[in-house]
Amino acid sequence: MAQAQPLPTTPQADTGDLYLLPGETYTTISQKIGDVPLTPPLKTPRGWLLGFAVAFAMLMVFFVSVTWLFIRGVGIWGINIPVGWGMDIINFVWWIGIGHAGTLISAILLLLNQGWRNSINRFAEAMTLFAVACAGMYPILHLGRPWLFYWLIPYPNTHGMWPNFRSALDWDVFAISTYASVSLVFWLVGLIPDFATLRDRATNIWVKRAYGIAALGWRGSARHWHRYEMASLLLAGLSTPLVVSVHSIISLDFAISQVPGWQVTVFPPYFVAGAVFAGFAMVLLLMIPIRQFYGYQNYITLRHLDVMAKVMLATGMIVVYGYFMEVWASLYSGNTYEEYLLYNRINGPSAWAYYGLLFCNALAIQPLWFKRVRHNVPALLIISLLVSVGMWLERYVIIVISLQREFLPSSWDLYVPTIWDWSLYLGTFGLFFTLTFLFIRVLPMINIFEMRLFQYQENERRRRREHATHGDTGRDIVTGKADPSAASAD
Amino acid sequence: MATTTFPQTRVPQLNRMQLLGIGAAVVGLALLALGFVTNTLQFAKSYIFGFYFTMAFPLGCLGFLMIQHLTGGAWGVTVRRMLEAGALALPIFFILSLPVILAAYNTFGFDHPIYHWADPNIVTPGAPEFDPIVAHKVPWMSAPWFAGRMLIYFLLWSTIAILLRRWSLGQDRGDDPVAAATRMRRLSGIGVALFVLTVTFFAFDVGMSLDAHWYSTIYGAHYMGNSGLTALAFLIIALTQLRRTATFEEHVPVKPIHDLGKLMFAFTILWTYLSFGQYVIIWSGDVAEFTPWYLRRIEGGWLFFVIALIFVTFFVPFFLLLGRKPKRNLNYLAGVATLILAMRFVDMMWIILPEFHPTVAEISWLDFAAPLGLLGIFLAIWAWNMQRAALLPLNDPQMEGLQAAGGHH
């Protein structure tokens, strides 16, 4: 099989009820997905080069910002006393939240036998890893002396110092490092069979060797598959609690304090829902252009967008529930500080952020109740963008508004981010997109073997339906539904 | 459409369950009547506790009924009729909420009303025990508005339950099953949102406001988690009876049982997560407003409840349900479900009763009579409704998923 021959893509009518449009075979799947990483360097698409160049330039902004920070210290940022946590922690929470969609898709949906995840899980997991990489930067850079970050890890040392185990910030160290390592292992294990496919399809000997080493001697024997399935099931089991634990612990960074607006018992589940919400918005935001650019509409269908939009709506409504509980609590409490918090949110100097978040996270998602909107790609793109902005504003509201005006009016102060706050934020986008572009260039961004399995299952299902008797209405009543019998995991 | 009309089901197992329910109801209500005469205050307290505990059954059923319409899946059709029958108890439970509403009005004339916000000595400015924080809550927490909210909650829940039941039975009678399924899904979508909101406030009103100072924004979600776990345990126990019916033997494979086991496992973890989250936030915050709620619950004998909750509500079911094989054995699952249900009772005791007996764990015989009577009524209504429809929604499109899961064998 020669490589890099662009396949004639026959545009299929996507009626929005299939997870895999008809007309795909094992070969077309391997070819369409596998050929992207195997494209010779000189034939790299211009669009990719352009995108990578922009991302790489932004990555340079990141390095400049970090270097200046190392030279001058955190004083270059807009943080002050009382607002000791500014954009660094906002962006940290924002980025790590984005990662959650990947883990949810790869772990929880695997355990729930949701076959449709097959075409989006690889990409979403990669996004998780890159988002965690961006997120992990911030607390370390915020340390003041970032080169001593390893002091956060408890190890016997001559200073006789231990981290404060009662601090949620120290719990973060464990939560995030566990999250990053488990996600990485899960992702790499899932790549092994695809590395082998690329090894077998590559024509250049060096490329063949590189993928061959990564494939760890995968030959696709029954024993290999058996162990693979077992391993991914166990890893999914390990990852599932991480979807909940990481953001719950991040919510405790705030919630175990006494700051009004932070000590809120609904925080852990509300943060987790917010993370999945933001994560799905980001998956949609990235998937929509990419499926267009690489012509993957057969694999990532309208139905995929539809379910992702539904997940976004459901988690968004949980977040709205959280907002409602906060407002209700301050009205009900009879506590001056809680009441003032609400007043400050709707009337204070940063009220724009609160109204912005209500608009983006509560109002803008309401059209998703309608199928017509969920099948409208540009509308989804706009809503996802608004949600991404809204979730950033949410963290701004929680962190900045609560800190700006704490208990003592004499210590109130405004928070104004400086150019270096913004440049570091822009820089992490550079890191994120540079990694994303490299990923889609050298690795199959859709899981090849799972798509082949899915294609087989869909064909079986179609055949069974044709033989079934209940077709009197002429309507296909189980179209595209996840089939419990085709379980890959129980 | 190859529609069959299903005869009304006379199932001996259901008959027995109905009799059991009626028996429990009669005994429980007789004891409650005795308690009312001998110790009205204790009666009212125990009734509030019993009502709060028992409401988890119909509410959990309604919640899962809507969720399974939204998610589909083999487990959903398997238990749909059971969920409908459970949710249909809600209109009757509105009548049963009357003693709680009367307690809010302090009709029984206690010196200190059970709900402090109903006490004129506390909320009237200038009164001897005036408490400004409680008085602040009066616009929300007043007896008429409390009763009005109860009416709104039950009206909404009952409407949803009745409509979903009617459309579902329509499928049996030969209405277009796909159109009916779409209708039910749409109502469930909006219904879940309203359900979450109303159950939250129901929990705030009946349970949380027993301490008129304290509040916790997770309280409503915690009660929903509790209701979900309660309903799941009930379904699994009831399935041990229904499984022996011809309909279930023909159509229901082990797969949906396994799924219900997984759900029960997940809800066990959810309960722990929500309980622990609330505890760690309040305890670490160490604010005088919030921490006393926990202090009251570790005094006297209440500490034993905490230990039991940690081990028997979380660790024991967690390990019992961890494997794959146990979740596919209905009898085993039902054993675990019984334990879980017993611990739901203990948990609700620990949440409600320390408000009445803060310094020492004091449990009255009425605290058993009230749940017994109310649960008996629920069971009787449930079994009665179960006998008024086919045991499975055989015309529903989702039945295909059940057959694909191995229903032929």
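Quick note: numbers below take in every heavy atom, side chains included, and nothing from hydrogens, waters or symmetry partners. Letters A, B, ... are given to chains in the order of the sequence lines, protein chains preceding strands, and every chain is numbered from 1.
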What part of [X] is in contact with chain A, defined as an atom under 4.5 angstrom from a non-hydrogen atom: side chain, backbone, both or neither?
X         : result
Phe201(B) : side chain
Ile269(B) : neither
Val192(B) : neither
Phe290(B) : side chain

Side-chain contact, heavy-atom cut-off 4.5 Å: Phe276(B) with Pro268(A)?
->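 Side chain of Phe276(B) against side chain of Pro268(A), heavy atoms only: no contact under 4.5 Å found.
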
Is there side-chain contact between Glu289(B) and Gln263(A), with heavy atoms separated by less than 4.5 Å?
->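 Not touching, per the 4.5 Å side-chain cut-off.
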
Which pair of non-hydrogen atoms, one from Ile190(B) and one from Trp369(A), has the smallest distance, and what is that distance?
->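 Minimum heavy-atom separation between Ile190(B) and Trp369(A): N-CZ3, 4.0 Å.
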
Looking only at heavy atoms, what is the nearest atom pair of Gln258(A) and Val287(B), with distance?
->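 Minimum heavy-atom contact is CG-CG2, 4.0 Å.
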
Can you list the residues that meet the salt bridge (charged side-chain N to carboxylate O under 4.0 Å, His left out) rule with Glu460(A), with sequence neighbours excluded?
->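 Once residues adjacent in sequence are excluded, the partners of Glu460(A) under the salt bridge (charged side-chain N to carboxylate O under 4.0 Å, His left out) criterion are Arg463(A).
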
Only counting residues at least two apart or in another chain, list the ones meeting salt bridge (charged side-chain N to carboxylate O under 4.0 Å, His left out) with Asp131(B).
->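 Applying salt bridge (charged side-chain N to carboxylate O under 4.0 Å, His left out) to Asp131(B) gives none.
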
Tell me, for [X] versus chain B, whether the close heavy atoms (under 4.5 Å) come from the side chain, the backbone, both or neither.
X         : value
Phe324(A) : side chain
Leu331(A) : backbone
Trp262(A) : neither
Val307(A) : neither

Spell out the residues in residues 212-222 of chain B that have some non-hydrogen atom less than 4.5 Å away from a non-hydrogen atom of chain A, in order of number; otherwise answer 'none'.
->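 Contacts with chain A: Ala212(B), Trp214(B), Tyr215(B), Ser216(B), Thr217(B), Ile218(B), Gly220(B), Ala221(B).
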
With sequence neighbours excluded, what pairs up with Phe64(B) under the ring-ring contact (aromatic ring centres under 6.0 Å, His included) test?
->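 Counting only residues at least two positions away or on another chain, Phe64(B) forms a ring-ring contact (aromatic ring centres under 6.0 Å, His included) with Phe267(B).
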
[atom1]/[X] to [atom2]/[Y] distance, rounded to the nearest 0.5 angstrom?
X         : Y         : atom1 : atom2 : value
Tyr332(A) : Met141(B) : OH    : CE    : 4.0 Å
Asp286(B) : Ile256(A) : CG    : CD1   : 11.5 Å
Ser333(A) : Ile133(B) : OG    : CD1   : 8.0 Å

Pick whichever of Phe267(A), Tyr321(A), Tyr270(A) has the most heavy-atom pairs under 4.5 Å with chain B.
->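 Option with the top pair count is Tyr321(A).
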
Greatest number of heavy atom pairs closer than 4.5 Å to chain B - which of Val259(A), Val320(A), Asn335(A), Leu313(A) |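 Of the options given, most contacts go to Asn335(A).
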
Test side-chain contact (heavy atoms from CB on, under 4.5 Å) applied to Met325(A) and Thr200(B), step by step | CA-CA 10 Å; Met325(A) 282 296 111; Thr200(B) 300; 3.6 Å; yes

Anything under 30° is parallel, anything over 60° is perpendicular, the rest tilted; go ahead and classify Trp328(A) against Phe204(B).
->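 Answer is parallel, since the angle falls under 30°.
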
